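Here's the structure we're looking at; comments come further down.
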Amino acid sequence: MAEVEKIILPGGIIDRPGSTLDYKTGTWRVKKPVVDLNKCTGCLLCWIYCPEPAIRKRDDGKIEFDYDYCKGCGICSVECPTKAIKMMEE
Amino acid sequence: MSLLQPKTLKPMSTSEAIAYAVKQANVDVIAAYPITPQTIIVERLSEYVNNGELDAEYIAVESEHSAMSACVAASLTGARVFTSTASQGLALMHEVLYVASSLRCPIVMAIANRALSAPINIHCDHSDVMGSRDAGWVHIFVENAQQAYDRIFQAFRLAEDNDILLPVGVNLDGFFLSHAVEGVATISDSEAALFLPPRKAKYYIDSSMPMTFGAFALPDWYFEIKYQVVEAMEKVPKKLAEVEEAYYKMTGRMYGHVGAYRTEDADVCLICAGSAAATAKFSVARMREKGIKAGLLSIRLFRPFPVESILPHVKDAKALIVMDRAMSPGAPSAPIGQDIKTMLYDAGLNIPVANFVYGLGGRDISAAEFESITTKVIEDLKAGRPIERGVKYWGVRI
Amino acid sequence: MSVSEIKSIKELYGSDLIAPGHRACAGCGALVGVRQILLASKRPLIVVNATSCLEVTSTPYPQTMWKVPWVHLLFENAATAASGIEAALKVLSRKYGRQEHYIIAFGGDGGTFDIGIQALSGALERGHRFLYVCYDNEAYMNTGIQRSGATPLGAATTTSPVGARIVGKQQQKKDLMEIVVAHKIPYAATASPSHWKDLVNKVRKAQSYDGPSFIHLIAPCTRGWYFDPSESIKVARLAVETRYWPLYEVENGRYRITNPVPNPKPLEEFLKVQRRLSHLLLPENADLLEKLKAYVNERWERLNKLSTCFA
């Protein structure tokens with residue numbers, strides 16, 4: 001028990017904020033979103049509608065996906081106003 | 001256990017004594033709901049807060065379930081927290097009690113032990129606390145207002161110790177103690193502040209340490225997190241003794257995990273908890289005058305059950321009489337009876353135990369009745385008759 | 001109360017208060033709404049969570065998605081936990097200089113409409129300073145789609161199934177906003193993740209008050225409402241556009257519809273995209289459909305009238 005004690009804080013408190021990053025939900029995907037950067041306007045609507053979030057703004061203002069965590073739900077594809085995102089088979 | 005004779009005693013009921021101690025303990029948050037017979041405690045505390053005598057937030061919650069919930073949340077924020085309840089209130093907050101202990105919240109709660117419905121009854125018995133005895137709380141029984149007053153300070157210091165971090169229930173008999181006025185020796189505010197400096201929580205809710213309290217644990221982690229309560233409980237007897245030692249140095253008062261009276265050479269030892277222990281003590285004194293070798297053990301620390309403190313007093317007795325103010329229908333013994341018999345069995349001692357349930361719903365028990373129960377056992381012993389085991393119900397009209 | 005308005009998404013881009021890797025379903029509508037609320041929220045922030053999908057999927061020990069202090073006690077006491085923390089911080093800051101925080105309590109419709117209604121009512125009556133967000137997926141989703149007081153008329157859930165004798169839930173949805181407004185708190189509002197700008201500005205307004213505020217958030221559930229995960233936001237938008245989910249606020253007792261819907265889409269548009277309600281379009285369930293439409297229309301008319309008299 002002594003070794004486990006070192007890991008378990010009193011009351012089972014978790015002291016590593018954001019530690020779900022250890023679990024890569026990208027493995028859940030069946031389809032993945034792919035962005036056509038020519039059509040992307042950097043409006044960030046996909047970003048604000050992503051449940052994870054698994055979308056980042058690039059330096060040029062357009063978006064990229066964090067495929068480690070993207071579950072392939074497809075909301076971004078449906079919501080993109082310029083239809084820049086397509087769901088493709090993995 | 002020597003008692004210094006204080007120069008002035010304040011006349012207080014146990015309820016008022018508890019409220020006064022909580023005020024001196026400089027609690028931060030009180031979240032409480034009224035219920036007979038502890039209401040006086042929360043009323044006094046409201047007065048202290050509204051008069052500015054106690055700098056605390058008083059949350060007038062809308063039920064006992066919310067009282068304990070708010071206490072847990074406030075405790076996790078690092079506050080010193082107190083509440084008070086009884087009977088149905090304790091039953092209503094039942095699920096939260098487990099959360100309090102498992103999240104390691106050093107809450108102190110006064111429980112004015114009262115019977116559980118149905119039928120509804122506002123008078124004293126121990127069924128409320130007995131129904132919660134597995135919730136991982138430390139439980140102390142007091143026999144009078146003085147003990148209640150002193151135990152409040154001890155309870156906070158014990159609970160908030162970072163090795164313990166368990167909630168503590170201070171149990172007082174409803175009406176018999178809650179409403180009876182006695183002379184109480186008090187400590188000064190500065191003594192209280194010295195004995196109980198502000199709480200120094202190690203982990204608390206604050207953005208400086210963004211932690212998750214109350215996560216979802218699957219079978220691979222639940223057991224270990226729960227086991228922490230067991231480990232902390234095991235440290236309580238020694239830690240409470242240390243706390244009592246420090247309090248004794250300041251006041252000359254100490255109570256121990258049990259109150260033993262004439263147990264050294266007792267043939268038969270009475271065991272009970274709460275205010276009835278005081279009646280039993282009187283009865284034992286009278287029996288001794290008559291040459292009956294009776295003794296009394298008052299259970300003060302109930303959870304954890306102080307086996308090591310009890311055994312020395314009972315191991316040489318010819319029989320034990322365990323008086324329970326709560327029943328456990330369908331069980332081979334009543335609650336304290338269960339603990340005593342388990343203790344004896346584990347120690348390899350086959351001492352007969354006569355277990356009685358008494359006093360439910362506030363039905364009084366007199367010194368004469370204690371004497372009657374004890375002399376019957378002694379006569380059985382003399383006549384070589386077997387002591388009736390199992391559990392019997394004393395004073396009920398069948 | 002004048003509060004600076006958020007006009008563009010870019011103002012919100014920055015630190016999310018949650019990390020990905022949580023176990024919410026792909027396309028979870030609740031997570032989108034919660035994320036948006038957190039982006040808009042005051043800091044430093046403490047989050048209290050009732051037992052719910054959100055709690056379970058976000059804190060699988062020893063991992064947590066939360067980057068702020070987060071507390072979960074039980075199912076029915078999120079509002080009470082928030083009360084306890086608020087009171088503790090008040091006195092601890094006064095006595096020992098602890099830092100003040102803002103508190104948001106998240107509860108599902110189950111933990112708010114039903115088992116949590118007492119705790120919510122008590123907290124609102126006592127006037128604690130916190131924001132309570134009820135994310136409403138209109139059933140007990142965490143335990144597998146059972147009906148709650150928030151489930152709409154006729155909806156199929158596991159405890160209000162579409163059967164040969166009884167078709168879906170037989171009662172209308174409980175009007176929680178009216179219950180909350182009856183407590184006379186400074187601010188209460190409905191919101192939808194589809195209308196992010198309306199939502200984030202409501203959060204700002206809600207948090208500007210020194211008292212309790214409440215947001216009722218629609219949270220389409222791909223699993224329990226039975227639609228494709230990619231349509232969560234589309235379904236939320238249809239709810240607003242059919243007047244099923246009116247977007248309004250009640251600020252110090254004054255009603256205002258924040259998203260007028262002058263030409264609503266027919267309710268059928270909302271019902272047909274989700275299998276929990278699409279059976280209402282069958283001819284044999286015409287009476288149920290009429291009742292649901294009447295409920296939606298009457299509620300809109302009433303809100304409209306209230307909105308006008310406070311304009």
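The model shown is predicted, which means the values in this text are computed figures rather than measured ones. Residue numbering restarts at 1 for every chain, and letters A, B, ... go by the order of the sequence lines.
Counting heavy atoms from C-beta on, the side chains of C/Glu55 and B/Phe216 come closer than 4.5 Å. Counting heavy atoms from C-beta outward, B/Leu76 and C/Leu73 have side chains that approach closer than 4.5 Å. Two residues are said to be in side-chain contact when any heavy atoms from C-beta on lie closer than 4.5 Å; B/Pro210 and C/Trp66 fail this criterion. C/Lys95 is not listed as a side-chain neighbour of B/Arg80, based on a closest heavy-atom distance of 4.5 Å or more.
Under the 3.5 Å distance criterion, the side-chain polar atoms of C/Arg98 are matched with a main-chain donor or acceptor of B/Thr77. For C/His101 (side chain) and B/Ser207 (main-chain N/O), a donor-acceptor pair under 3.5 Å exists by modelled atom type. Judged purely by atom type and a 3.5 angstrom limit, C/His72 uses its side chain to pair as donor or acceptor with the backbone of B/Gly214.
Of the listed residues C/Pro44, C/Ala81, C/Ser121, C/Ala87, the one with more heavy-atom pairs under 4.5 angstrom with chain B than any other is C/Ala87. Looking only at heavy-atom pairs under 4.5 Å with chain B, the residue among C/His128, C/Glu76, C/Glu125 that has the most is C/Glu76. Put simply, of C/Arg94, C/Gln63, C/Glu86, C/Gln99, the one with the most heavy-atom pairs under 4.5 Å next to chain B is C/Arg94. The greatest number of non-hydrogen atom pairs below 4.5 Å with chain B, out of C/Val68, C/Val48, C/Leu45, C/Thr57, is found for C/Val68. Per-residue heavy-atom pair counts under 4.5 Å with chain C were compared for B/Leu103, B/Asp206, B/Val29, and the maximum is reached by B/Asp206.
For B/Leu218, no part sits under 4.5 Å from any heavy atom of chain C, backbone or side chain. With a threshold of 4.5 angstrom between heavy atoms, C/Val56 approaches chain B through its backbone and through its side chain. Heavy atoms of B/Tyr204 lying under 4.5 Å from chain C belong exclusively to its side chain. Neither the backbone nor the side chain of B/Ser75 comes within contact range of chain C; no heavy atom of the residue lies under 4.5 Å from a heavy atom of that chain. Within the 4.5 angstrom heavy-atom criterion, no atom of B/Ala31 approaches chain C. Interface remark: B/Asn26 contributes backbone and side-chain atoms alike to the contact with chain C (heavy atom separation under 4.5 Å). Residue B/Val81 does not touch chain C at all, counting heavy-atom pairs closer than 4.5 Å. Residue C/Leu92 touches chain B through its side chain alone, counting heavy-atom pairs closer than 4.5 Å. Proximity to chain B (any heavy atom under 4.5 Å) is shown, for C/Arg43, by neither the backbone nor the side chain. When heavy atoms are compared at a cutoff of 4.5 Å, B/Val61 approaches chain C by way of both its backbone and its side chain.
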For this session: List the steps and the verdict of side chain to side chain contact (heavy atoms under 4.5 Å, CB included) for C/Tyr61 and B/Thr212.
Result: CA-CA 10 Å; C/Tyr61 188 90; B/Thr212 283; over 6 Å; no
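Between B/Glu62 atom CD and C/Ser83 atom OG the span is 7.5 Å, to the nearest 0.5 Å. Separation of atoms CG (C/Asn49) and CZ (B/Phe213) is listed at 14.5 Å; rounding is to 0.5 Å.
Applying the 6.0 Å contact sphere to OH of C/Tyr96 captures more than 12 heavy atoms from other residues, nucleotides or ligands. Other residues, nucleotides and ligands contribute over 12 non-hydrogen atoms within 6.0 Å of the NZ atom of C/Lys174.
C/Thr80 and B/Ser66 form a side-chain donor-acceptor contact under 3.5 Å, judged by distance and modelled atom types alone. There is no side-chain donor-acceptor pair under 3.5 Å between C/Gln118 and B/His65.
B/Ile205 approaches C/Pro69 most closely through the heavy-atom pair CG2-CB, 3.8 Å. Heavy-atom minimum distance, B/Ala215 versus C/Thr59: CB-O, 3.5 Å.
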